[in-house]
Visitor: 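The structure follows.
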Amino acid sequence: MIKKLKIGIFKFTGCAGCQMEIFRMEEEFLDLLKLFDISYWKMAKRDNNVEDLDIALVEGGISTPWEIEEIKCIRKKTKMLVAFGDCAIGGCIPSIRNWIPQMESENLVYPDPSTICSTKLLGIGEYVKLDGILKGCPPHRENIIELIKSAVLKIKPRLRKHPVCVECKFNENICLITSKKLPCMGPVISAGCGAICPTLNRECEGCFGPMSNPNAAALADIFKNIGLNDADIKRKFRKYAGMSPEFRLEAGH
Amino acid sequence: MTEKAIHVDYIARVEGQGAINIDITKDKKVKHLQLKIFEPPRFFESFLIGRKYDELMELTSRICGICPVAHQITALRAIENAMGIDPSDQTKDLRTLIAISAHIQSNVLSMYFLSLPDLMGYESVISMAKDHMDIVKRGLKLKKLGNDITEIIGGRSVHPVTMLVDGFSVLPEKNKLQTIKKRLVNAKKEAYETVDLFANVGIPDFVRKCEHVAISDPKYYAINEGRLRSSEGFNINEKDYRDYIYEKQKPYSTALHSLIKDRGSFMVGPLPRVNLNFNQLSSDAKNAAKNCGVKFPNYNPFISHLARAIELVHDIDESIEIIDRLKLKQEQRSISCKSGFGAAITEAPRGSLYHSYTFDNNGVVKKADIVPPTAHNAYNIEKDMKKFVQTIIDEPIDDITFKCEMLVRAYDPCISCSAH
């Protein structure tokens, strides 16, 4: 009998979509409870315990001073800390606001910004050491299962590092860039979604973030050749992972 | 002088980060009641400026992981209103079907997973599963049905990808919809069982007559389009929303409070929908409501759970009807990018959701204005709670605290949405 691992699920600045992907495991949920004790999950439980966690899945980025304190606190109590989804990795779509002066955003939304204590939105890895990441907005539930299963077996999870293009080939999709001149982000984006968008006749927008060692500059050139202007290209890269070192140059200063 | 204080520093079993603070004086009066929403704001209305119209669907989807479909459809309709685009009946039908599927999954999540543990005496659905596996399995099955429909039409259930301005990137496969239809027909039994369950489970006996608001249409149970109406005779076009509804900031809440001009707080959500649009429910849903022993219109916020169950019956009936009439023909999208202002209101699972945008000639956003259901409800929850606590003021402090949490969960707030 394997000892049950203690899991904590936390939410910071984000949309709860990653947690919804856990709720989405309708078929696997009851089986998972045989392997894991969910010690902390505010969205599902009233009695929560944050001590001695084996795994913490942290959704959302960090955008307030107390979130910095919180994430450090969780780090101290957790063996394996996972950035769960794009917001936790680098702020995801809400990080677009990092290019706007903070006071400007606050003045636009709140009549009295003096009670608002927001900072730039950054990934949790800016403040604490990470033991794993789950890419995606939201991460695919198969990847979540792969990661926590590997934790039980004490092996390295097999998460994809190659681009969406590989999954497109598996699905026998025709390339949207070469055949339709559509600005598809697939060549620089991490696989793991199953190439959902190109398979459904849409260009990849990049919701799994950068693949390992992408050539963003070359893709930006291709976009220029198929008719995108500089502002369009900037918007493409300043979306799900504009803050990442891989896309930072194309996302603009 | 404060005699008792109620503090919930992080409300469990709701989406997002909220707290409750209440002081009760020595002469047993409620003082300083706050629904303290401390969810960090994400400033969507700021960073959407400068983005293009055809990105808004995927960008605003990220306001909420539970109701992404509602944000996508509302944004798309606001864009179409701004640019004078009228989508085909097929597009409207498919959007209604995917919106209903999102209601099914969200309402089942709220009923079975977030609130039922309160009503059956458990801390969570996980501990409830030990004694009531049949009920938990029923909840999981119904939720999966909703999610599977979203996935068949939208490509995935959280942040789907196929909805575009004036159409879809791809149409769902006919045979998959036929399989879904069979599952919907079979799920009707479980929907009735859900109505039974929530009609008979004990809830606090509490009534506060407040203004109930929802979109409404004489012909069908409004979900994606309709006039904004209320129980007090309010009846407006979506484009005039800002002439009637305004927001106010409270220093303790990152969600702004919504008020109707010269009137005050109001409630949106499943209960106002059932109250206002009862006649447009499917006949089986109406019968289920009439036979369950609870009278509508109803102003007990805890009846919201039952309203969700009644909607579930209707949602299944309407989904089957739509699948039956869908021909699924390939259609051309036609978009001519124009400057202008467009607004839209839809019914998200938690109630009325407002988006409006102003675009320049290139379809770039100049101004964005978004009010999610929980921002509409935040002030009303406080008003309900104030009156509710007064009615149970002699009970032990732990009981009052627990019941206040239950009241918040009856509204099923989506706090991330509210502090977008």
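None of these values were measured; they are calculated from a predicted model. In what follows, chains carry the letters A, B, and so on, assigned in the order in which the sequence lines appear, proteins first and then strands, with residues in each chain numbered from 1.
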Visitor: Any residues in residues 82-95 of chain A near chain B, with a heavy-atom distance under 4.5 Å, and which are they?
Guide: A:Ile93, A:Pro94
Visitor: Measure the CG-CG distance between A:Asn201 and B:Leu164 for me, rounded to the nearest 0.5 Å.
Guide: 8.5 Å
Visitor: Could you look at A:Glu27 and say if it's the side chain, the backbone, both or neither that has a heavy atom under 4.5 Å from chain B?
Guide: side chain
Visitor: If you apply the rule salt bridge (charged side-chain N to carboxylate O under 4.0 Å, His left out), what do you find for B:Glu151 with A:Arg141, and how did you get there?
Guide: CA-CA 13 Å; B:Glu151 202 165 297; A:Arg141 54 194 178 278; 3.7 Å; yes
Visitor: By a 4.5 Å heavy-atom criterion (distance strictly below it), what part of A:Asp232 contacts chain B: side chain, backbone, both, or neither?
Guide: side chain
Visitor: Please answer whether the main-chain N or O of A:Arg24 pairs with a side-chain N or O of B:Lys144 as donor and acceptor at a distance below 3.5 Å.
Guide: no
Visitor: Check step by step if side-chain hydrogen bond (donor to acceptor under 3.5 Å, both in side chains) holds for B:Gln249 and A:Thr115.
Guide: CA-CA 10 Å; B:Gln249 188 182 351; A:Thr115 59; 3.1 Å; yes
Visitor: Given the options B:Ser169, B:Ser124, B:Cys414, which has more heavy-atom pairs under 4.5 Å with chain A than any of the others?
Guide: B:Ser169
Visitor: Any chance you could measure B:Leu140, atom CG, to A:Met25, atom CE, to the nearest 0.5 Å?
Guide: 12.5 Å
Visitor: What is the distance from atom SG of A:Cys15 to atom CZ of B:Phe44, rounded to the nearest 0.5 Å?
Guide: 7.5 Å
Visitor: With a 4.0 Å cut-off on N to O distance, would you call B:Glu58 and A:Lys236 a salt bridge?
Guide: no
Visitor: Look at B:Pro117, B:Ala419, B:Ser416 and state which one has the largest set of heavy-atom pairs under 4.5 Å with chain A.
Guide: B:Ser416
Visitor: Under 4.5 Å from any heavy atom of chain B, what part of A:Ala16 do you find: side chain, backbone, both or neither?
Guide: both
Visitor: Heavy-atom cut-off 4.5 Å, strictly under: side chain, backbone, both or neither for B:Leu109 against chain A?
Guide: side chain
Visitor: Does the distance from a Lys or Arg side-chain N to an Asp or Glu carboxylate O, for A:Lys42 and B:Glu15, drop under 4.0 Å?
Guide: no
Visitor: Can any side-chain N or O of A:Arg202 pair as donor or acceptor with the backbone N or O of B:Val161 at less than 3.5 Å?
Guide: yes
Visitor: A:Phe36: what forms a ring-ring contact (aromatic ring centres under 6.0 Å, His included) with it, not counting sequence neighbours?
Guide: none
Visitor: Please list, in residue-number order, every residue in residues 65-74 of chain A that has a heavy atom less than 4.5 Å from any heavy atom of chain B; write 'none' if there are none.
Guide: A:Glu67
Visitor: Indicate yes or no: at least one non-hydrogen side-chain atom of A:Thr13 is less than 4.5 angstrom from one of B:Arg42.
Guide: yes
Visitor: Under a plain distance cut-off of 3.5 Å, with no hydrogens placed, do A:Arg97 and B:Ser46 share a side-chain donor-acceptor pair?
Guide: no
Visitor: Looking at B:Lys250 and A:Asp112, is there a salt bridge between them, counting it only when a charged N and a carboxylate O are closer than 4.0 Å?
Guide: no
Visitor: Taking all heavy atoms of B:Arg156 and all of A:Phe208, pick out the closest pair and write down the distance.
Guide: NH1-CE1, 4.1 Å
Visitor: State the NZ-CG distance between B:Lys367 and A:Leu108, to the nearest 0.5 angstrom.
Guide: 8.0 Å
Visitor: Could you measure the distance from the CZ atom of B:Arg62 to the SG atom of A:Cys207? Nearest 0.5 Å is fine.
Guide: 5.5 Å
Visitor: Would you mind checking which part of B:Asp148 comes under 4.5 Å of any heavy atom in chain A, side chain (CB onward), backbone (N, CA, C, O), both or neither?
Guide: both
Visitor: List in chain and number order the residues that pass ring-ring contact (aromatic ring centres under 6.0 Å, His included) with B:Phe43, two or more places apart in sequence or in another chain; answer none if no residue qualifies.
Guide: none
Visitor: Among B:Val125, B:Thr162, B:Thr254, B:Leu114, single out the residue with the greatest number of heavy-atom pairs under 4.5 Å to chain A.
Guide: B:Thr254
Visitor: Just give me the residue among A:Ser118, A:Ser105, A:Gly194 that pairs up with chain B most often, heavy atom to heavy atom, under 4.5 Å.
Guide: A:Ser105
Visitor: Can you tell me which portion of A:Ile100 sits under 4.5 Å from chain B's heavy atoms? Options are side chain, backbone, both or neither.
Guide: side chain
Visitor: Which pair of non-hydrogen atoms, one from A:Met20 and one from B:Val158, has the smallest distance, and what is that distance?
Guide: CB-CG2, 3.9 Å
Visitor: Within the distance-only criterion (no hydrogens, no angle test), does the side chain of B:Glu45 pair as donor or acceptor with the backbone N or O of A:Val109 below 3.5 angstrom?
Guide: no
Visitor: Evaluate the side chain to side chain contact (heavy atoms under 4.5 Å, CB included) criterion for residues A:Glu205 and B:Glu55: first the C-alpha distance (whole Å), next the side-chain angles of each, then the deciding distance (0.1 Å), finally the verdict.
Guide: CA-CA 9 Å; A:Glu205 297 289 357; B:Glu55 299 179 292; over 6 Å; no
Visitor: Regarding B:Ser127 and A:Lys45, do their side chains bring together a donor and an acceptor under 3.5 Å, going by distance alone?
Guide: no
Visitor: Heavy-atom distances under 4.5 Å only: say whether A:Ile96 touches chain B with side chain, backbone, both or neither.
Guide: both
Visitor: Which region of A:Tyr240, side chain (C-beta onward) or backbone (N, CA, C, O), has a non-hydrogen atom less than 4.5 Å from a non-hydrogen atom of chain B, or is it both or neither?
Guide: side chain
Visitor: Where does B:Leu59 contact chain A at under 4.5 Å (heavy atoms): side chain, backbone, both or neither?
Guide: both
Visitor: Nearest heavy-atom pair of B:Arg51 and A:Arg238: which atoms, and what distance?
Guide: NH1-O, 2.8 Å
Visitor: Under 4.0 Å between a Lys/Arg side-chain N and an Asp/Glu carboxylate O for A:Arg46 and B:Asp118?
Guide: no
Visitor: What do you reckon, is CD of A:Glu142 surrounded by more than 12 foreign heavy atoms closer than 6.0 Å?
Guide: no
Visitor: Heavy-atom distance under 4.5 Å to chain A: side chain of B:Glu405, backbone, both or neither?
Guide: side chain
Visitor: Tell me, for A:Thr64 versus chain B, whether the close heavy atoms (under 4.5 Å) come from the side chain, the backbone, both or neither.
Guide: side chain
Visitor: Under 4.5 Å heavy-atom distance to chain B, tell me which part of A:Gln102 shows up: side chain, backbone, both or neither.
Guide: side chain
Visitor: With respect to chain A, which residue among B:Gly16, B:Gly155, B:Pro41 yields the maximal number of heavy-atom pairs within a distance under 4.5 Å?
Guide: B:Pro41
Visitor: Between atom CD1 of A:Ile38 and atom CD1 of B:Ile126, what is the distance when rounded to the nearest 0.5 Å?
Guide: 4.0 Å
Visitor: Give the minimum heavy-atom separation between B:His159 and A:Pro138, together with the two atoms involved.
Guide: CD2-CD, 3.9 Å
Visitor: Give the member of A:Phe12, A:Phe23, A:Trp41 that has the highest number of heavy-atom pairs under 4.5 Å with chain B.
Guide: A:Phe23
Visitor: Do B:Lys137 and A:Glu26 meet the salt-bridge criterion of a basic N to acidic O distance under 4.0 Å?
Guide: no
Visitor: Test A:Met43 against B:Arg13 for side chain to side chain contact (heavy atoms under 4.5 Å, CB included), laying out the working first.
Guide: CA-CA 4 Å; A:Met43 193 173 161; B:Arg13 281 195 264 111; over 6 Å; no
Visitor: Test your reading of the model: is there a side-chain donor-acceptor pair from A:Tyr110 to the backbone of B:Leu256, 3.5 Å cut-off?
Guide: no
